[in-house]
Number of protein chains: 2
Amino acid sequence: MLKLAILGFLRDRPMHGYELRRHLAALTGHIRPLSDGTLYPAIKRLEADGLLVRETEPGSTAAPRHTLHLTPEGRAALLERLRTPEQLDISDENRWFTVLAFLRHLDDPAAQAVVLRRRLAFLEEPASFFHDEAGPLDAERITDPFRSGILLIARATSRAELAWLHDMIAALETQGGRDLTATGA
Amino acid sequence: MLKLAILGFLRDRPMHGYELRRHLAALTGHIRPLSDGTLYPAIKRLEADGLLVRETEPGSTAAPRHTLHLTPEGRAALLERLRTPEQLDISDENRWFTVLAFLRHLDDPAAQAVVLRRRLAFLEEPASFFHDEAGPLDAERITDPFRSGILLIARATSRAELAWLHDMIAALETQGGRDLTATGA
DNA sequence: CGACGATACCTCGATATCGAGGTATAGCGG
DNA sequence: CCGCTATACCTCGATATCGAGGTATCGTCG
């Protein structure tokens, strides 16, 4: 997920690690803060895999300041990841939001619609949040107010997302990606 | 989070690993599947910390079948974790739901309200999902339809959860925890 | 009675992340 | 010019998780 976010941000424009760090913090930092010890090794992994290169600019500001650029392989890896996300990217909301945040880079409305349809399919399958010996518990049989709260919140999210997904998929498939800003508002 | 969930389920009643696995799968498995290689080492860690003991029942069914029981230390650890969750348990929705799923074990409405208030405070602080060079971007300035979708969904969740939290906290603080099942429905 | 699936448990290597520490420089206020 | 903060990068040990593999038993269907 970190890998996806790094590739996604660098697709917009080259930047150095510290700037990347600020962008990542703005994306998911309030939910899950990111430490240096996670970011810099991740950058090194991507560099070792040939997905990005660093260009040292000595005279700019303080420290050596390596500006990070995506390679063609890096751009290809981003597109591939966006086109065929793993199941965890679909089911886990944090990861899914990261996919969504960069899905515009997948410059093909049909391919974007395919990804949204996968999320749609996941949300539409009956999710069993709790169960006892008799099997899954639906909301009505749950007496614990905290657990019924979970279901209440999960359903509200689900409703909002399903509505948005339906609109968005329709726009992508019929209009070919034009006039999209109006659908979500 | 796994630790919390294991302690929470064993608080209800003793069970063996495989049963625990099914309960965990029902709780968060559709979002994030749990592998054996995660569960059994986690059980061993809890056993090593003295939070649970296993009692081998040889004659029951197939394999040795260790029934897991919480120790008094385990019950204390669960209560402590529920009473003072770490910040990640508050901010990350997956973790927060796990806290909620077992918060009833914290058998004190005032303490439960304190935990809910922490989540309330987190949701009420202005979350900046994206930003550019000029600073955080509010929803109106975002042109990417996928990103505005993220904000749309996040706001719907937030609204539903805020409403529920306000009701629930009020019920816990004024009624002392009685008549709670009516508030969330 | 033999194959098969479900139950039940376990190990181990690879990987990702965390958190705490460190090293610099630039710029600014006092 | 001293201290402070922000910028910018890095290492390293500890830990948690994943995934793929293994072992054994029980019940049942044919």
Side-chain angles (χ1 to χ4, degrees), chain A residues 1-7 14-25 28-29 31-49 51-68 81 86-89 91-92 94-95 98 133 135, chain B residues 1-7 14-25 28-29 31-49 51-68 81 86-89 91-92 94-95 98 133 135:
Chain A
M1 205 189 60
L2 180 54
K3 176 180 170 181
L4 171 60
I6 292 174
L7 293 177
M15 53 181 89
H16 43 91
Y18 207 76
E19 205 179 349
L20 204 48
R21 193 165 134 66
R22 266 185 289 121
H23 277 80
L24 290 164
T28 51
I31 292 168
R32 190 173 267 277
L34 178 71
S35 70
D36 273 11
T38 305
L39 175 60
Y40 287 103
I43 291 173
K44 288 206 160 181
R45 282 197 299 274
L46 293 174
E47 192 190 13
D49 292 347
L51 304 185
L52 59 82
V53 288
R54 37 178 115 194
E55 278 161 31
T56 308
E57 294 168 26
S60 42
T61 52
R65 206 176 167 123
H66 308 298
T67 304
L68 309 169
R81 178 79 183 260
E86 36 187 292
Q87 192 52 27
L88 209 60
D89 290 332
S91 64
D92 185 306
N94 295 159
R95 281 169 170 262
T98 306
E133 301 76 36
Chain B
M1 205 190 58
L2 180 54
K3 176 180 171 181
L4 172 59
I6 293 174
L7 294 176
M15 53 182 91
H16 43 91
Y18 208 76
E19 205 180 348
L20 203 48
R21 192 165 135 67
R22 266 185 288 118
H23 277 80
L24 290 164
T28 51
I31 291 168
R32 191 173 267 276
L34 178 71
S35 70
D36 273 10
T38 305
L39 175 60
Y40 287 102
I43 291 172
K44 288 206 158 181
R45 282 197 299 274
L46 293 174
E47 192 190 14
D49 291 348
L51 304 185
L52 60 84
V53 288
R54 34 179 118 192
E55 276 161 33
T56 307
E57 294 169 25
S60 40
T61 51
R65 206 178 166 122
H66 307 298
T67 304
L68 310 170
R81 178 79 183 261
E86 35 188 292
Q87 191 53 26
L88 209 60
D89 290 332
S91 64
D92 185 307
N94 294 159
R95 283 169 169 262
T98 306
E133 300 77 35

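A note on names: the letters A, B, ... follow the listed sequences, proteins ahead of strands, and every chain is numbered from 1.
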ask   = Does B/R21 have a side-chain nitrogen or oxygen under 4.0 Å from the phosphate oxygens OP1 or OP2 of C/dC10?
value = no
Per B/P41 side chain, nearest of listed nucleotides D/dC10, C/dT11, C/dA8 = C/dT11
key: Rounded distance in Å - CD1 (A/I6) to C1' (D/dC9)   = 14 Å
query = What is the nucleic acid contact for A/G37, judged by heavy atoms within less than 4.0 Å: base, sugar-phosphate only, or nothing?
reply = base
task = Please state how far atom CZ in A/R54 lies from atom P in D/dA8, giving the value in whole angstrom units.
result = 15 Å
request  = For A/L39 and C/dA20, give me the distance from atom CG to atom P, rounded to whole Å.
outcome  = 18 Å
request  = Measure across B/H16 and B/H66 and return the closest heavy-atom pair with its distance rounded to 0.1 Å.
outcome  = CB-O, 3.1 Å
Distance in angstrom units between B/L46 CG and D/dT15 C1', rounded = 14 Å
task = For C/dA14, take OP1 and OP2 only and decide whether either is under 4.0 Å from a side-chain N or O of A/R45.
result = no
Nearest-Å distance for atom pair CD/P, residues B/E55 and C/dC9 = 14 Å
ask   = Does B/R22 have a side-chain nitrogen or oxygen under 4.0 Å from the phosphate oxygens OP1 or OP2 of C/dA6?
value = no
key: Backbone N/O of A/Y40 and side chain of A/R21: donor-acceptor pair under 3.5 Å   = no
query = The side chain of A/Y40 lies closest to which of these nucleotides: D/dC10, D/dT17, C/dC9?
reply = D/dC10
A/K44 side chain, from C-beta outward: closest of C/dC10, D/dT11, D/dA8 = D/dT11
inquiry  = Please confirm whether the shortest side-chain N or O distance from B/H66 to OP1 or OP2 of C/dC10 is below 4.0 Å.
reply    = yes
inquiry  = Closest approach to the side chain of A/D36, judged atom by atom: which nucleotide of D/dT17, D/dC9, C/dA8 is it?
reply    = D/dC9
ask   = Where the side chain of A/S35 is defined as all heavy atoms beyond and including C-beta, which of D/dC18, C/dG19, D/dC9 is the nearest nucleotide?
value = C/dG19
Between P of C/dT7 and CE of B/M15, the distance in whole Å = 15 Å
query = If you take all heavy atoms of B/L88 and A/I31, which pair is closest and at what distance?
reply = CD1-O, 3.7 Å
5' precedence on DNA chain C between B/L88 and B/Y18 (nearest-nucleotide basis) = B/Y18
key: C/dC18 OP1/OP2 closer than 4.0 Å to side-chain N/O of A/T38   = yes
remark   = dist B/R95:CZ -> B/E86:CD (nearest 0.5 Å) comes out at 5.5 Å
request  = Nearest whole angstrom, please: distance from the P of C/dT17 to the CG of A/L34.
outcome  = 9 Å
ask   = Rounded to whole angstrom units, what separation is found between the CG atom of B/L24 and the P atom of C/dC9?
value = 13 Å
message = Going by side chain to side chain contact (heavy atoms under 4.5 Å, CB included), A/L46 matches just one of A/L51, A/L68, A/V53. Which one?
response = A/L51
